[in-house]
K.L.:
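Provided herewith is a single structure, encoded as structure tokens, for subsequent inquiry.
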There are 2 protein chains.
Amino acid sequence: MKDSRKRATIIDVATAANVSTKTVSRVFNDEPHVRKILRDKVLKAAAELDYHPNIMARGLVGRRSYLLGLIYENPSPNYVVELQNGALDRLHGEKYRLLVLPVESVVEVAGKIMSVLRAAALDGVILSPPASDHPGILSELRQNDFPFSRIAPTQSLDIGPSRTTDDVDASRKMTEYLLSLGHTRIGVIKGDPTHPSSGARLTGFLDALKAAGVSHSPDLVEQGFYTYESGLAAARKLLDRPDRPTAIFAQNDDMAAAAIMAARDLGLKVPDDLSISGFDDSAIAQIVWPRITTVHQPVYDMARDATDALIAKLENKPFTMLETQPCELIIRESTAAPAVL
Amino acid sequence: MKDSRKRATIIDVATAANVSTKTVSRVFNDEPHVRKILRDKVLKAAAELDYHPNIMARGLVGRRSYLLGLIYENPSPNYVVELQNGALDRLHGEKYRLLVLPVESVVEVAGKIMSVLRAAALDGVILSPPASDHPGILSELRQNDFPFSRIAPTQSLDIGPSRTTDDVDASRKMTEYLLSLGHTRIGVIKGDPTHPSSGARLTGFLDALKAAGVSHSPDLVEQGFYTYESGLAAARKLLDRPDRPTAIFAQNDDMAAAAIMAARDLGLKVPDDLSISGFDDSAIAQIVWPRITTVHQPVYDMARDATDALIAKLENKPFTMLETQPCELIIRESTAAPAVL
DNA sequence: CTCTCTTTGATCGTTGGCGTCAGGGCGCAA
DNA sequence: TTGCGCCCTGACGCCAACGATCAAAGAGAG
């Protein structure tokens, strides 16, 4: 037994198996031109020596780190964890590993994204909103020929592989549902303005109103930032209005949950006195009471698929540039017909 | 201008600055014996060439990857994100990077932890519960002299740096508070039995009852797994009993939130008909209604400090082996005196 | 001739060990 | 006091080494 402190090298394995290092290399890289007998001998020797290829050395000569980055802002823990899990599950069994790169704000990294990526020696990067739509970041990546894939982009869908949903359509459907219940005075709590999803969701909302011939006052749109706290403040403003809306369409579930809390503070019953709908179908939507009517966003699936596309790109395999996932309206207890007509 | 696809090497910088590569290396590693004039010249050349040291090459010769791993199970997104943020914030500005290593269950990796760590070429690893208390994992790490630090361990506090809170004490305080309200029939929803925190929290609970001379039936202890779903099932069992408890002490906030939902399904009012308390003070505790009385766990702080200790260890700087953080009872709206005596 | 290997030597980018060189301080003899 | 040799130290440069891959050339077996 060797000193366990010292790791076995490819030379040790080659010696033990009585083959050349080249052969060992071939075995570990699944290359052809190795008989099964030899392959087994090598694997046996490697197992006995507890040999693992040195990623550093391999990376140095092959110019690959097998490290992928995931860039995200941190709106809600549920979202982040789903994002990570989607990526991690796809990476399971692969030799790639995931480095998490949370950023305070996309603006923060806009100019120095390449420095960050190079300093971390990443092979590729997965961009989540709003980085996935940031023109500066995208152009910098393209200029440097840096492999990336995008989660839920809304613009320039042709410049790289991506997985997305149609926020406008989903938002339109949700609005149609609220209209069908009889709501016409609908408050909106917008998400972070630096996230294009926020604009898209508003567009869908306005489209539906227009199609239904319902007029809408811009005063009923309040700015939030996809966080619980921002949702609380925005909901309070909406509910303090003399012409209080009969329904609030929050652009994500965290803000919808905050709206429920704000309504409770005012003694309003949800959904009897006020309907509230969210977006994303994150875990929180089923934990609060009433459970939130929302739109299911396949965050996990999008993250997994974006990772898949990135790996395909890195390995020069074919991949689809853009895939739009369906989204689904999920009706729960937070919405109902308005009590007063 | 060089082709931007090709990264500048230390040789390019040395050539541009008209010094030796060794000098450039010294500058980038903050070593002495370089005059300021030369240092500035090197930095200027490096900036112009957009040079970043190649981590792979550096790691190869120095046997360091500057990669730290964070091992965790995935009980609740809030917990995971706090954990990650604590570690990441400490790493900010350092050359170390964080690799996330979620595991299905600690048992899954118990035997092959070294393989995982070596395959990922990690410099060190941060263990969160329950890995931080797993005897198999700990002994394997020690046998291999692999640097690690632990978050919230409960056993063998002398074998490595760690940051923890006193779960027994915190649980005792919470129980004393429930007793002081007048509750004597208190149901418990336990956490995952593979997490030592679960046992510790039960111990504190039983200690307090014993000290107060209150007898307790083991039937009032239900098994959960720190997840919302498990809490829902456990709470239902407790509430279906003929001698329904007047209070439920859930061992984390997710399960406490589930208990609130279960109570609502039965038409019970919280806290009027049933008091519910949680543990951890995670985000969810303030999002549900009533907001949950809980014990604040400084997860973020513990993660940051454990990261700090690990870095200190890796760089042979002094560090404290064990530090116990205070914990704080946080009283909110989910607890009150029992209505019926 | 093809398939399955081995051998040799170069290569990736960086760092550690060691050598070199210049200059300063110091002791000591004249 | 001056001049000389010596040691020490700071400021570098040169070269091998880290571990794996890869290209090229060759060899034995079928």
Side-chain angles (χ1 to χ4, degrees), chain A residues 2 5-43 45-46 49-67 95 118-123 315, chain B residues 2-3 5-43 45-46 49-67 95 118-123 315-316:
Chain A
K2 276 263 195 154
R5 236 120 313 202
K6 196 159 185 171
R7 292 185 53 171
T9 73
I10 199 169
I11 300 179
D12 301 329
V13 177
T15 309
N18 197 28
V19 297
S20 70
T21 60
K22 178 74 189 180
T23 302
V24 178
S25 175
R26 280 203 261 254
V27 170
F28 274 89
N29 290 289
D30 281 323
E31 285 172 26
H33 308 313
V34 184
R35 275 175 304 162
K36 186 161 188 326
I37 297 178
L38 265 198
R39 179 180 302 270
D40 290 346
K41 206 158 71 169
V42 167
L43 289 176
L49 294 169
D50 190 32
Y51 166 77
H52 294 274
N54 183 316
I55 298 192
M56 299 282 166
R58 178 186 275 178
L60 181 58
V61 56
R63 282 144 242 275
R64 300 147 130 286
S65 61
Y66 298 101
L67 231 44
K95 49 183 175 261
R118 286 221 262 254
L122 298 177
D123 279 356
E315 302 188 339
Chain B
K2 277 262 194 158
D3 180 2
R5 236 119 313 203
K6 195 158 187 173
R7 292 185 52 170
T9 74
I10 199 170
I11 299 180
D12 301 329
V13 178
T15 309
N18 198 27
V19 297
S20 71
T21 60
K22 180 74 190 183
T23 303
V24 178
S25 173
R26 281 199 261 254
V27 169
F28 273 89
N29 290 290
D30 279 324
E31 286 171 26
H33 308 314
V34 183
R35 275 176 304 161
K36 188 161 187 326
I37 296 178
L38 268 198
R39 181 180 301 272
D40 290 346
K41 206 158 69 168
V42 167
L43 289 176
L49 293 169
D50 190 31
Y51 167 77
H52 294 272
N54 183 316
I55 298 194
M56 298 281 166
R58 179 185 273 178
L60 181 59
V61 57
R63 280 145 245 275
R64 300 147 130 285
S65 60
Y66 297 101
L67 274 179
K95 49 182 174 260
R118 287 222 262 256
L122 299 177
D123 278 357
E315 301 187 340
N316 292 313

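Note: hydrogens, waters and symmetry copies are ignored here, and every other heavy atom, side chains too, is used. Sequence lines set the chain letters: A, B, ... in the order given, protein chains first and strands last, and positions in each chain run from 1.
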K.L.:
Looking only at the side chain of B/V61 (C-beta and beyond, no hydrogens), which of the listed nucleotides C/dG13, D/dC22, C/dC12 gets closest?
P.N.:
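Of all the options, the side chain of B/V61 is nearest to C/dG13.
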
K.L.:
Could you check B/K22 against B/L60 and say which one's nearest nucleotide on DNA chain C is further toward the 5' end?
P.N.:
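Checking each residue's closest nucleotide, the 5'-ward one belongs to B/L60.
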
K.L.:
Can you see if the side chain of B/Y66 gets near the phosphate of C/dT14 - specifically, an N or O under 4.0 Å from OP1 or OP2?
P.N.:
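So the side-chain polar atoms of B/Y66 never come under 4.0 Å of the phosphate oxygens OP1 or OP2 of C/dT14.
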
K.L.:
Quick check for you: among D/dG19, C/dT14, C/dG13, whose closest atom lies nearest to any side-chain atom of B/R58?
P.N.:
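In terms of side-chain proximity for B/R58, the closest of D/dG19, C/dT14, C/dG13 is C/dT14.
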
K.L.:
Return the value, rounded to whole Å, for the distance between atom CZ of B/F28 and atom C1' of C/dG16.
P.N.:
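Going from B/F28 (CZ) to C/dG16 (C1'), I get 19 Å.
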
K.L.:
Counting any heavy atom closer than 4.0 Å, what does A/S20 reach on the DNA or RNA strands: base, sugar-phosphate only, or nothing?
P.N.:
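Counting heavy atoms under 4.0 Å across all strands, the contact made by A/S20 includes a base.
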
K.L.:
Of all the choices, D/dC12, C/dG13, C/dT4, which nucleotide is nearest to the side chain of B/V34 once you look at every atom?
P.N.:
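The nucleotide sitting nearest to the side chain is D/dC12.
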
K.L.:
Grab the CZ-P distance between B/R35 and D/dG10 for me, whole Å please.
P.N.:
14 Å

K.L.:
Check the phosphate of D/dT21 against A/S25, side-chain N and O only, distance under 4.0 Å to OP1 or OP2. Yes or no?
P.N.:
yes

K.L.:
Which nucleotide, C/dT14, D/dC12, D/dG19, lies nearest any side-chain atom of B/A57?
P.N.:
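Comparing C/dT14, D/dC12, D/dG19 against the side chain of B/A57, the answer is C/dT14.
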
K.L.:
Where do B/V24 and B/V27 land on the side chain to side chain contact (heavy atoms under 4.5 Å, CB included) test, with the steps shown first?
P.N.:
CA-CA 5 Å; B/V24 178; B/V27 169; 5.6 Å; no

K.L.:
Would you kindly give the CG-to-C1' distance between B/N29 and C/dG13, to the nearest whole Å?
P.N.:
13 Å

K.L.:
With a 4.0 Å cut-off, would you call B/D50 and A/R118 a salt bridge?
P.N.:
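A salt bridge links B/D50 with A/R118.
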
K.L.:
Strictly distance-based, threshold 3.5 Å: is any side-chain N or O of A/D123 a donor or acceptor partner for the main-chain N or O of A/R64?
P.N.:
no

K.L.:
Indicate, with a heavy-atom threshold strictly under 4.0 Å, whether A/V24 touches base, sugar-phosphate, or nothing.
P.N.:
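No contact.
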
K.L.:
Can you see which heavy atom on B/H33 is nearest to which on B/R26, and at what distance?
P.N.:
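So the two residues come closest at O-NE, 4.4 Å.
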
K.L.:
Expressed as a whole number of angstroms, how long is the span from A/D30:CG to D/dT21:P?
P.N.:
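Atom CG in A/D30 sits about 12 Å away from atom P in D/dT21.
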
K.L.:
Hey, does A/I10 reach any base, or is it just sugar-phosphate, or nothing, if we go heavy atoms under 4.0 Å?
P.N.:
sugar-phosphate

K.L.:
B/P53 near the nucleic acid: base, sugar-phosphate alone, or nothing, with a heavy-atom cut-off under 4.0 Å?
P.N.:
sugar-phosphate

K.L.:
Rounded to whole Å, please give me the gap between CZ in B/R39 and C1' in D/dG10.
P.N.:
13 Å

K.L.:
Examine D/dG13: is either OP1 or OP2 under 4.0 Å from a nitrogen or oxygen in the side chain of B/T23? Give yes or no.
P.N.:
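For B/T23, the contact criterion (side-chain N or O under 4.0 Å from OP1 or OP2 of D/dG13) is met.
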
K.L.:
To the nearest Å, how far apart are A/R64 CZ and C/dT11 P?
P.N.:
22 Å

K.L.:
Give the nucleotide from the list C/dT15, D/dA11, D/dA20 with an atom nearest to the side chain of B/H33.
P.N.:
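Taking heavy atoms from C-beta onward, the closest nucleotide is D/dA11.
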
K.L.:
Contact class for B/R26 (heavy atom, under 4.0 Å): base, sugar-phosphate, or nothing?
P.N.:
base

K.L.:
Shortest non-hydrogen contact from A/A8 to A/L49?
P.N.:
CB-O, 3.8 Å

K.L.:
Starting at CG of A/N54 and ending at P of D/dA17, how long is that distance when rounded to a whole Å?
P.N.:
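Going from A/N54 (CG) to D/dA17 (P), I get 18 Å.
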
K.L.:
Could you check whether atom CG of A/N18 has more than 12 heavy atoms from other residues, nucleotides or ligands sitting under 6.0 Å from it?
P.N.:
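Atom CG in A/N18 is not packed in, count stays at 12 or less.
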
K.L.:
Rounding to a whole Å, what distance do you find between B/N18:CG and D/dC12:C1'?
P.N.:
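Spelled out: CG on B/N18 to C1' on D/dC12 is 13 Å.
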
K.L.:
Starting from the 5' end of DNA chain D, give me the residue, B/R63 or B/P32, whose nearest nucleotide shows up first.
P.N.:
B/P32

